[in-house]
Amino acid sequence: MKMCYVDESGDTGPFDPGERNSQPIFLLCALMLDQGDLESLTREIIQLKQVHFPSYGQGVAHWHDWLKVEVKGANLRRALREGHRDSRRHMMGFLDQVLSLLERHGIRLAARVYVKQPNVEFKGASVYSSAIQRIAQAFEDSLMKSNEKGVIVLDSRNKVKNVPVSHGLFTWNFSSHGSAYHYLAELPLFGHSENHAMIQLADWVGSAFLAPMATTAYCAAYKGTCVHVAPEFDEIRDRFGQRIKKLQYRFEREGRKLGGIHVLGGKDIRLNTLQLFGDPPAEA
């Protein structure tokens, strides 16, 4: 069986460039992996937290309680943006090990990255549902190729927001035209990040890799006026962008390349997704 864990970064409100803390990016990041890797991945994630953030574990009585100790991707971004040189070096070392973990376990990524237009309504509910359908489409293709069943687990928000997302896939799966997702074992489930190491890992990838890469690539005009667009984030794209690119799950359907990490810029605005990953290293 395969698993797909999904977390979001940013918010679904509009982007106001005059508001220093307004979010210019919203994204959903999915990790696709073999269910058999869950135990080893969970142990390695807990070990990463213990080694790099031992102070977070003050008062933790048992090893198992480290699962509930969360290192938020947004806090990693803040440390990179506001920390001193040693703090930034520590964060970059941590992110390097996170990325090595993804590579070592063959985890594949699918994501929808939305670059908000200034002072334009952002239809968060429909964007979220559409993104989940696209991610489910990529996951379905991976399941079909391996002839396996799979389960999608989303970071839970609240009942009012969760129900329409799962129901959206239900309508596709029980359409009069036939099921769109033959290999999904169940409709998307919802979990709390304190209980799922893989949701925490998806948060790191979305909030500490993809979000700063996206603001660097598409929101440079707001450097100095928006805290989420910082010159310190350039290093994340320069150092890790091409490695992230190689982890995408891409597939082809009717002559079109789909899946992977896709960047959208709003109605009638086309963005080059390759810009997200930065320039490839120069050949020797």
Side-chain angles (χ1 to χ4, degrees), residues 1-14 23 25-33 35 108-117 120-145 148-193 195-196 198-199 202-203 205-207 210-211 248-254 256-269 273:
M1 177 177 280
K2 289 186 179 293
M3 304 293 296
C4 178
Y5 292 89
V6 185
D7 192 36
E8 66 184 89
S9 179
D11 60 37
T12 54
Q23 297 268 7
I25 297 289
F26 175 74
L27 66 87
L28 282 168
C29 174
L31 311 182
M32 298 186 291
L33 55 116
Q35 186 272 336
R108 290 292 172 259
L109 307 181
R112 306 286 285 182
V113 180
Y114 298 86
V115 181
K116 301 176 187 176
Q117 298 308 302
V120 174
E121 180 187 8
F122 188 74
K123 298 180 179 179
S126 59
V127 162
Y128 197 105
S129 293
S130 174
I132 291 300
Q133 289 170 12
R134 293 288 189 174
I135 286 170
Q137 184 184 48
F139 188 44
E140 171 76 7
D141 185 84
S142 74
L143 296 173
M144 178 185 68
K145 287 176 179 171
E148 294 179 89
K149 290 290 187 179
V151 173
I152 298 175
V153 181
L154 309 177
D155 187 27
S156 182
R157 297 179 293 168
N158 58 52
K159 181 179 179 180
V160 173
K161 293 180 178 179
N162 290 346
V163 170
V165 173
S166 192
H167 187 70
L169 264 69
F170 173 80
T171 60
W172 280 90
N173 227 22
F174 288 85
S175 166
S176 60
H177 300 292
S179 174
Y181 305 107
H182 297 280
Y183 292 89
L184 286 185
E186 178 57 284
L187 293 174
L189 308 176
F190 299 89
H192 297 289
S193 55
N195 301 127
H196 298 278
M198 296 307 107
I199 292 180
D203 171 55
V205 177
S207 293
L210 296 182
Q248 299 178 95
Y249 180 79
R250 303 292 304 278
F251 66 101
E252 195 167 305
R253 182 172 295 176
E254 298 177 354
R256 297 175 58 205
K257 289 187 176 180
L258 302 171
I261 300 168
H262 192 61
V263 181
L264 302 100
K267 185 178 180 181
D268 301 324
I269 298 175
T273 296

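Each residue takes its place number in the sequence, starting with 1. Keep in mind it's a predicted model, so treat the numbers as computed, not measured.
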Pairs under 3.5 angstrom only: tabulate donor-acceptor contacts from the side chains of residues 149-163 to other protein residues two or more places apart or in another chain.
unit_1: Lys149; atom_1: NZ; unit_2: His182; atom_2: O; d: 2.8
unit_1: Ser156; atom_1: OG; unit_2: Asn162; atom_2: ND2; d: 3.0
unit_1: Arg157; atom_1: NH2; unit_2: Lys161; atom_2: O; d: 3.3
unit_1: Asn158; atom_1: OD1; unit_2: Val160; atom_2: N; d: 3.1
unit_1: Asn158; atom_1: OD1; unit_2: Lys161; atom_2: N; d: 2.9
unit_1: Asn162; atom_1: OD1; unit_2: Arg157; atom_2: N; d: 3.2
unit_1: Asn162; atom_1: ND2; unit_2: Asn158; atom_2: O; d: 3.3

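- Counting only heavy atoms from C-beta outward, the side chains of Tyr183 and Lys145 never approach each other to under 4.5 Å.
- Rounded to the nearest 0.5 angstrom, Arg253 CZ and Asp141 CG are separated by 6.0 Å.
- Leu33 is listed as a side-chain neighbour of Tyr5, based on a closest heavy-atom distance under 4.5 Å.
- Here the side chains of Tyr128 and Glu8 are in contact, with some heavy-atom distance below 4.5 Å.
- Put simply, the side chain of His167 does not reach to within 4.5 Å of the side chain of Pro164, judged on heavy atoms.
- For Lys2 and Glu148, the salt-bridge test passes: some basic side-chain N is under 4.0 Å from an acidic carboxylate O.
- In this structure, Val6 and Ile132 have side chains that are in contact, with non-hydrogen atoms separated by less than 4.5 Å.
- Taking the side chain as every heavy atom from C-beta outward, Leu184 and Leu169 approach each other to under 4.5 Å.
- Checked against side chain to side chain contact (heavy atoms under 4.5 Å, CB included), Arg256 has the following partners two or more places apart in sequence or in another chain: Leu258.
- Between Leu187 and Ser166 the shortest side-chain heavy-atom distance falls below 4.5 Å.
- A distance of 13.5 Å separates CD in Glu140 from CD in Gln133, rounded to the nearest 0.5 Å.
- Atom-to-atom distance recorded for Arg250:CZ and Ile261:CD1 is 9.5 Å, nearest 0.5 angstrom.
- The two residues Ala138 and Ala110 come nearest to each other via the heavy atoms CB-CB, 4.4 Å.
- In terms of the side chain to side chain contact (heavy atoms under 4.5 Å, CB included) criterion, residue partners of Ser129 (sequence neighbours excluded) are, by chain and number, Val165.
- Asp11 is linked by a side-chain hydrogen bond (donor to acceptor under 3.5 Å, both in side chains) to Lys116, counting only residues two or more places apart in sequence or in another chain.
- Listed by chain and residue number, nothing satisfies the side chain to side chain contact (heavy atoms under 4.5 Å, CB included) test with Ser130 (two or more places apart in sequence, or in another chain).
- Rounded to the nearest 0.5 Å, atoms CZ (Arg112) and CG (Leu210) are 13.5 Å apart.
- In this structure, Cys4 and Ile135 have side chains that are in contact, with non-hydrogen atoms separated by less than 4.5 Å.
- In this structure, Thr273 OG1 and Gln248 CD are separated by 8.0 Å, a value rounded to the nearest 0.5 Å.
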Discussion item. Between Val115 and Ile25, is the side-chain contact (heavy atoms from CB on, under 4.5 Å) condition met? List the steps.
Written reply: CA-CA 5 Å; Val115 181; Ile25 297 289; 3.8 Å; yes

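- When every heavy atom of Val205 is checked against every heavy atom of Cys29, the shortest pair comes out as CG1-SG, 3.6 Å.
- Every residue two or more places apart in sequence or in another chain that forms a side chain to side chain contact (heavy atoms under 4.5 Å, CB included) with Ser9 is listed here: Leu27, Arg77, Ser207, Ala211.
- For the pair Met32 and Tyr249, the tightest heavy-atom approach, listed with the atom from each and the gap, is CE-CB, 3.1 Å.
- Using a 30° and 60° split on the angle between ring planes, Tyr114 and Phe122 fall in the perpendicular class, above 60°.
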